[in-house]
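First comes the structure, then the notes that go with it.
For ligands, and for the atoms within them, numbers begin at 1 and follow the listed sequence. Small disclaimer: the values here were computed from a predicted structure and weren't measured.
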Amino acid sequence: MEKGYMIGVDIGGTNIRIGAAREGGMLEAFEKTSSQAILAGEQAVEHLIDFLRNYMHEKLKSQEIEGIVLGLPSTLNAARDHVIQTPNIEGLNDVPLKKLLEEALHIPVLIERDVNLLFCNDADRLSLDPAGINIGVYVGTGIGNAIFIDGLPYAGTDGTAGELGHVYIGRRGKVCGCGNEGCAECYAGGRRLVELREEAYPTDKIGKLFQSHGEDAALIDFVDTVAAMVAMEVNILNPGAIVLGGGVLNMEGFPRERLIEAIHRHTRKPLPEKMLKVFFSEDASENGVRGAIIYARIRNKAKRAVA
Ligand SMILES: [Zn+2]
C-alpha cells in the first residue's frame, strides 16, 4: 500500500509547476515558479535538485514521499532515464536525469514526456477505456502527440514516437525548428498563428484571432491542417478515443465544430470515420502535475500486476 506523497512536476519553457498527492487524495501544495530562475545556465540539474529538496522539506514537511514524476518538454530515450534534448533549456541536454535525481534525493524518480502526462490527466478525467490505442493531439506553440497502448504511453524504438508535428504534409517553403522542411507544425501550430498575426493582423491580440477572423481563408486553412494531421494518425492507428487540446484549441472562438467536421472529412470511410470518438481537453494550470501523479499510480499498478 502506498501511504506517502507522490510528487508531480511539470517542467515547461516558461513555468515549473509542482504539487503532491497521497493515493486517492486531492492535489496539495500546488505551486508555480519561473523555469528561468531554476533551469537557466549549465547548473540546471543542481538547481532542480535544490528546488525539489526545498519543496519536500518546506511544503511537505519531509513527510513520507513515494516518488517524483517529472514531465519534460524534451526528447527522452526509450528507457526513460536520459534526457536527450530539450529545446531552449541548455542544461537539460544529454543528461542522465533519472539517475542524478535518484542519487541526490534517495527516492524513486520517473521522467516522461510532458504531453504523455497531460494525456494521463485527460484519460482519467474522461474515464477513457485504457484497452487498445488512445491518442492525444495538443496544439500549443508546437504539436504534442500522445499515443497510449493499453493505458501506457508508447515510446517507440528510440523514445521518439508521437512526433506528429513533424510529418510532411506536402507543403514547401517553411523550415521547422527540427531542421526539416514543411513539417505539419509549421502550418498547424501556435508559431504559425504568430506569423499569421504579424502578416495579416498586426493590431490584433493573438488570443482573439479566431474570434475576430475565424472565417478568413488563412484561419480556415489552419484548422483544416490541424484536422488533416489528426486524421492521418487516426487512419493509421484507428484509436478508440481522440483527445484534442492545447492552448490554441482553447483560444476564444476556436471553431471546434469546424475542426471535428474536418477530421471526419479527412478520415477513411466508412470506418474508422463512422465510429470516431473525439473529446476536448480543458486547459488548467494543474493538468500536467495531476497527470504526472496519475501516471505514477498507473505505472506502479502495472508493475505490481507483473510481479
Ligand atoms: Zn519538424
Side-chain angles (χ1 to χ4, degrees), residues 10-14 35 39 71-78 80 82-95 111-119 135-148 153-199 206 209 218-237 239 242-251 254 259 262-263 266 281 288:
D10 176 14
I11 294 181
T14 311
S35 305
L39 298 173
L72 296 150
S74 312
T75 306
L76 306 177
N77 67 342
R80 296 304 198 233
H82 199 101
V83 180
I84 296 166
Q85 193 227 344
T86 310
N88 307 319
I89 307 179
E90 182 197 346
L92 290 183
N93 287 313
D94 192 18
V95 176
I111 63 175
E112 189 47 72
R113 283 170 75 207
D114 52 4
V115 66
N116 286 334
L117 304 183
L118 275 182
F119 185 85
I135 65 166
V137 180
Y138 298 86
V139 184
T141 309
I143 308 292
N145 180 208
I147 301 169
F148 273 59
Y154 176 63
T157 303
D158 299 309
T160 65
E163 291 288 1
L164 185 60
H166 301 278
V167 296
Y168 175 60
I169 51 163
R171 296 185 187 187
R172 292 190 186 280
K174 290 187 194 301
V175 176
C176 180
C178 77
N180 286 352
E181 186 186 8
C183 290
E185 74 174 40
C186 299
Y187 301 91
R191 271 184 225 107
R192 176 65 187 141
L193 290 183
V194 171
E195 261 177 32
L196 272 176
R197 178 184 162 273
E198 280 165 12
E199 288 165 16
I206 185 96
L209 284 194
L219 287 163
I220 290 177
D221 176 69
F222 179 93
V223 174
D224 197 59
T225 309
V226 172
M229 204 173 49
V230 173
M232 187 182 298
E233 191 159 273
V234 169
N235 281 330
I236 294 169
L237 296 178
I242 305 152
V243 178
L244 304 177
V248 170
L249 271 52
N250 280 287
M251 279 166 70
F254 183 89
L259 175 62
I263 292 170
H266 292 300
S281 168

Ignoring hydrogens and angles, state whether a donor on the side chain of Gln85 or Asp94 is under 3.5 Å from an acceptor on the partner side chain.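 The criterion, which ignores hydrogens and geometry beyond distance, is not satisfied for Asp94 and Gln85.
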
Can the positive tip of Arg171 be found less than 6.0 Å from the middle of the six-membered ring of Tyr187, inside 45° of the ring normal?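 Cation-pi check for Arg171 and Tyr187: passes.
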
Could you pull out the atom name of the N/O/S atom in His166 that is nearest the Zn ion (ligand 1)?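 The closest N, O or S atom of His166 to the Zn ion (ligand 1) is ND1.
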
Between SG of Cys183 and SG of Cys176, what angle is found at the Zn ion (ligand 1), rounded to 10 degrees?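 With the Zn ion (ligand 1) as the vertex, SG (Cys176) and SG (Cys183) sit 110° apart.
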
2.8 Å cut-off met by an N, O or S atom of Cys178 to the Zn ion (ligand 1):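 Within the cut-off used here (under 2.8 Å), Cys178 does place an N, O or S atom near the Zn ion (ligand 1).
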
Test side chain to side chain contact (heavy atoms under 4.5 Å, CB included) applied to Glu233 and Ile242, Asn145, Val167, the passing residue: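 Exactly one option meets the side chain to side chain contact (heavy atoms under 4.5 Å, CB included) with Glu233, and it is Asn145.
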
Could you point out which residue of Arg191, Lys174, Arg192 forms a side-chain hydrogen bond (donor to acceptor under 3.5 Å, both in side chains) with Glu185?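 Of all the options given, the one that passes is Arg191.
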
